[in-house]
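What follows is a set of notes on a single structure, which appears directly below.
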Amino acid sequence: MTILPREFFAQPTLTVAQNLLGQHLVRAVEGQHLRGRIVETEAYLGPEDTACHASKGRTPRTEVMFGPPGRTYVYLIYGLHYMLNLVTEVESFPAAVLIRAIEPLAGLDLMRQHRQRQPSQTMPLRQIGNGPGKLCQALRIDKSLNGWDVTTGQTLWLEAVEPLPKMAIASGPRLGIDYAQAADRAAPWRFWQRDNPFISK
DNA sequence: CAGACGATTGCCT
DNA sequence: GGCAATCGTCTGT
């Protein structure tokens, strides 16, 4: 078992976004390891990318993206949902990869418990982590984990798996960024594992 | 300090 | 397909 090191994240963001597909995201909570395979990501490419929060400048919220790679950027959206990003590139270049979906592998009961609204029925496996807000809820990720260093192997980290072959990776425009300029809206910077049933949408 | 709004989700018709 | 939920962050007064 190898924990993804800082060098993995200190690369071009489009490279990291594709290489993250298939890797295991692990969250330690209540003495358990909740584990999911990353199956969908989106790249946010820094100050020139008008879809990237950091294009608006350096603010308290975007500060962590200006820091070293290998840390989390976690923020609240719509007052309801947390989003998990991993900071990429060299320090002071503000870019990150949004984790959009995971395929649950271990700790399923606790993940379901985190996601459950009515405890009466069992949530289908597909719906546990097939969206950026859903996977944060399943893994109990909130603002307290913003800025977390994922290379320490504690609390939240990534474990290395063989990267997917290029053939297995599909790409398309990013979602929910109507506020961005046309060219940025159209850029195919969302990546997912082809034919995987656990992607969002 | 008021106002606008968002890298979404789930429920309703 | 439409739309409400719900609040931190940012902007402009």
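Letters go in sequence order (proteins before strands), and every chain restarts at 1.
One interatomic measurement links the two molecules: CG of A/Leu80 to C1' of B/dC11, which rounds to 13 Å at whole-angstrom precision. Going from atom CE of A/Met65 over to atom P of B/dA7 covers 10 Å, rounded to whole Å. Between the CG atom of A/Asn85 and the P atom of B/dG6 there is a distance of 17 Å, rounded to whole Å. Rounded to an integer number of Å, the gap from NE2 of A/His53 to P of B/dG6 is 10 Å. Distance, A/Ile99 CD1 to B/dT8 P: 14 Å, rounded to whole Å.
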Report summary line: Its dot-bracket string being built from Watson-Crick and G-U pairs below 3.5 Å, with | for another strand and [ ] for crossing, DNA chain B has the pattern ||||||.|||||.
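Comparing B/dG6, B/dT8, B/dC11 against the side chain of A/Arg117 picks out B/dC11 as the nearest. When distances run from any side-chain atom of A/His81 to the nucleotides B/dA7, C/dC7, B/dT9, the shortest one goes to B/dT9. Residue A/Thr59 places its side chain closer to C/dC10 than to any other of B/dT8, C/dC10, B/dG6. Relative to the side chain of A/Arg61, the nucleotides C/dT9, C/dG8, B/dT8 differ in distance, and C/dT9 lies closest.
The same ILVMFWY cluster, assembled from side-chain heavy atoms under 4.5 Å apart, contains both A/Val74 and A/Ile102.
Between A/Pro104 and A/Phe198, the closest side-chain pair of non-hydrogen atoms falls below 4.5 Å.
Considering all non-hydrogen atoms of both residues, A/Leu20 and A/Ile99 come closest at CD1-CD1, 4.1 Å. The nearest pair of heavy atoms linking A/Asp149 to A/Gly70 is OD1-O, 3.5 Å. Nearest heavy atom pair, residue A/Ala43 against residue A/Thr13, reads CB-CG2, 3.8 Å.
By the 5.5 Å and 30° criteria, A/Tyr44 is stacked with the base of B/dA7.
Contact annotation: A/Tyr179 reaches the phosphate of B/dA7 (side-chain N/O to OP1 or OP2, under 4.0 Å). Within the 4.0 Å cut-off from OP1 or OP2 of C/dT9, at least one side-chain nitrogen or oxygen of A/Lys143 is found. A close approach under 4.0 Å does occur between a side-chain nitrogen or oxygen of A/Arg115 and OP1 or OP2 of B/dG10.
Under the 4.0 Å criterion applied to side-chain N and carboxylate O atoms, A/Arg100 and A/Glu42 are assigned as salt-bridge partners.
Residue-level contact check: A/Arg174 touches neither bases nor backbone, having no heavy atom under 4.0 Å from any strand. Across all strands shown, A/Arg185 has no heavy atoms under 4.0 Å from either base or sugar-phosphate atoms. Backbone-only contact: A/Ile177 has heavy atoms under 4.0 Å from sugar-phosphate atoms and none from a base.
Side-chain rings of A/His33 and A/Trp157 approach one another, their centers coming within less than 6.0 Å.
C/dC3 and B/dC5 are spaced 16 Å apart, taking the C1' atom of each and rounding to whole Å.
Between A/Lys134 and A/Ile77, the residue anchored closer to the 5' end of DNA chain B is A/Ile77, taking for each the nucleotide with the nearest heavy atom.
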